[in-house]
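Notes follow once the structure below has been shown.
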Amino acid sequence: MSLPLVSQKPGVRSLEGFSTIGTGIYLRSTGEQCQDTTLPNVILIFGWMGAQLRHLQNYTNAYTKIYPNASQIVVRCNPNVFWTTTGTKQRRLMPVIDALEALHCFPSSSSAEPPPRILTHVFSNGGSLQMTILGHMLRRKYGSALVQQLITSTLILDSCPATGSLKTIKLAFSAVIRNPILRVIVLTMLYTMHFVGLGLSLVFGKRIMLMENLRIEMWNPRVLPWMGLHTPRLYLFSRKDKLIPWQDVTQHAEIAKERGMDARCELFEESEHVAHIRVEPERYWASVQGIWAAAISKGKVEDQRLLT
């Protein structure tokens, strides 16, 4: 597999063991097929807004230990993803599609390639937004081709999704934008966008709020085109999260269940936003492995159904 690498600016480091293939996009390729069909061979991680590499490394290191033969793609989330143009967002995510193609995640003329097994791990609303954008890009490129394949997959949602409020918007952006002058500028712009969206929603009688639209998109069982009603999804969240109310996540999971999705919840009591592994790491990773085992079990049942 050969992908163009991006040279790093002085003082900017990459994830240990990963190659930089785009701005804020990193790839760890094992260079070989994972022969054990009960394990994922591709892990796709969407980081939360402003996540530092050293924090993301906690997850990539754990995945390397649990699933050593799986390739990993990590997508960071810059705060400006919330106000840049759609075209800019899509151009930044193109290396993700290139990497997924190189890892044989999409239909090809070669029938010798086994179907991929993809674990997707999403953090907070920032990671959720990046994932939904990628989903739109893939559906435009591949259409229904991916739907025709039975792909074992799972979706892990850490501290998301939620609609949010002006208070949580301020908390979230204040945590990642340290410069006080820039913070005021950004918050003023976000507040303006919030009230403009609210006003347009009232005028036209439909939701135009970004976070509300995101929350609705996350109910799509094919939020990524290889997923479906058969894809187990795990919500990891906490009562102490000040940015994502646990009640919002619970409601989202309950509605997902009502719509036929296999949605499961793991509610933590003492952890802060995207910090569950610091408080209960064993429980966290046991939940991750448990939801993947559920995906494998569903895949075997579906295989038996197709053979009968």
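With hydrogens and angles disregarded, no donor-acceptor distance shorter than 3.5 Å links the side chain of S271 to the backbone of F268. Looking at T20, its side chain never comes within 3.5 Å of a backbone N or O of Y26 through a donor-acceptor pair. Using modelled atom types, no side-chain atom of R239 and backbone atom of W246 make a donor-acceptor pair closer than 3.5 Å. N41 places a side-chain N or O within 3.5 Å of a backbone atom of R117 that can act as its donor or acceptor partner. Side chain of T60 to main chain of Q57: a donor-acceptor pair is present (N/O by atom type, distance under 3.5 Å, no hydrogens or angles).
With hydrophobic clusters built from ILVMFWY side chains whose heavy atoms lie under 4.5 angstrom apart, V279 does not share a cluster with V249. Note on L93 and I97: same hydrophobic cluster, where clusters join Ile, Leu, Val, Met, Phe, Trp and Tyr whose side-chain heavy atoms are under 4.5 Å apart, directly or indirectly. Put simply, W285 and L39 are part of the same group of oily side chains (I, L, V, M, F, W, Y) that touch within less than 4.5 Å, one to the next.
Here CD1 of I156 is found 11.0 Å from CG of L44. Values are rounded to the nearest 0.5 Å. Residue I255 holds its CD1 atom at 6.0 Å from CD of E258, rounded to the nearest 0.5 Å. Going from atom OG1 of T120 over to atom CD1 of I45 covers 10.0 Å, rounded to the nearest 0.5 Å. How far CG of L157 is from CG of L236: 8.0 Å, rounded to the nearest 0.5 Å. Distance OG/S29 to CD1/I73: 9.0 Å, rounded to 0.5 Å. Distance CD/E280 to CD/E266: 8.5 Å, rounded to 0.5 Å.
Side-chain contact between W48 and L56 is present, with at least one heavy-atom pair separated by less than 4.5 Å. Taking the side chain as every heavy atom from C-beta outward, V42 and L100 approach each other to under 4.5 Å. Considering only heavy atoms from C-beta on, T250 comes within 4.5 Å of F237 through its side chain. Within the 4.5 Å cutoff, the side chain of W226 has no heavy atoms near those of the P116 side chain. No side-chain heavy atom of F46 sits less than 4.5 Å from a side-chain heavy atom of V74. T132 has its side chain within reach of L214: a pair of non-hydrogen atoms, C-beta onward, lies under 4.5 Å apart. Residues R92 and K89 form no side-chain contact, since every pair of their non-hydrogen atoms from C-beta on lies 4.5 Å or further apart. Put simply, the side chain of S71 does not reach to within 4.5 Å of the side chain of I43, judged on heavy atoms.
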Could you please spell out the steps behind the side chain to side chain contact (heavy atoms under 4.5 Å, CB included) verdict for M137 and I133? CA-CA 6 Å; M137 295 169 68; I133 295 168; 4.2 Å; yes
Check step by step if side chain to side chain contact (heavy atoms under 4.5 Å, CB included) holds for L234 and L155. CA-CA 6 Å; L234 172 65; L155 176 60; over 6 Å; no
Kindly indicate, with the supporting measurements, whether the criterion salt bridge (charged side-chain N to carboxylate O under 4.0 Å, His left out) is fulfilled by D248 and R215. CA-CA 10 Å; D248 283 12; R215 190 163 174 262; 5.3 Å; no
Verdict with reasoning, L53 to R76, per side chain to side chain contact (heavy atoms under 4.5 Å, CB included): CA-CA 9 Å; L53 289 177; R76 297 182 76 184; 3.6 Å; yes
Please assess M131 against V223 for the test side chain to side chain contact (heavy atoms under 4.5 Å, CB included), listing each intermediate value before the final yes or no. CA-CA 8 Å; M131 179 182 66; V223 62; 3.8 Å; yes
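Looking only at atom types and distance, the side chain of Y59 has no donor-acceptor partner in the side chain of H121 under 3.5 Å away. One side chain, Y284 or D158, offers a donor N or O that lies under 3.5 Å from an acceptor on the other. For H136 and Q90, the side-chain atoms include no donor-acceptor pair closer than 3.5 Å. Using modelled atom types, one finds no donor on one side chain facing an acceptor on the other under 3.5 Å when comparing S159 with S124.
Nearest heavy atoms, M218 versus R233: O-NH1, 2.7 Å. Listed here is the closest heavy atom pair of I244 and A162: CG2-CB, 3.6 Å. Considering all non-hydrogen atoms of both residues, L267 and R283 come closest at O-NH2, 2.7 Å. Contact between A295 and S153 at its shortest, heavy atoms only, is CB-O, 3.4 Å. Summarising the geometry of V122 relative to G127, their closest heavy-atom pair is CG1-C, 3.4 Å, with the distance given to 0.1 Å. Considering every non-hydrogen atom in both V288 and I291, the closest pair reads O-CG2, 3.2 Å.
Residues that satisfy the side-chain contact (heavy atoms from CB on, under 4.5 Å) test with A275, not counting sequence neighbours, are E272, R278. Judged as a side-chain contact (heavy atoms from CB on, under 4.5 Å), and not counting sequence neighbours, the contacts of T64 are R28, Q72.
Looking at K240 and E270, a side-chain N of the basic residue comes within less than 4.0 Å of a carboxylate O on the acidic one, giving a salt bridge. By the 4.0 Å N-to-carboxylate-O rule, D262 lies too far from K257 to be salt-bridged with it.
Ring-plane geometry between H252 and W219 is classed as parallel, the angle between the planes falling under 30 degrees on a 0 to 90 degree scale with a further cut at 60.
When each of L119, I296, I118 is tested with T154 by the rule side chain to side chain contact (heavy atoms under 4.5 Å, CB included), just one qualifies, namely L119.
Aromatic ring centres of F106 and Y142 lie closer together than 6.0 Å.
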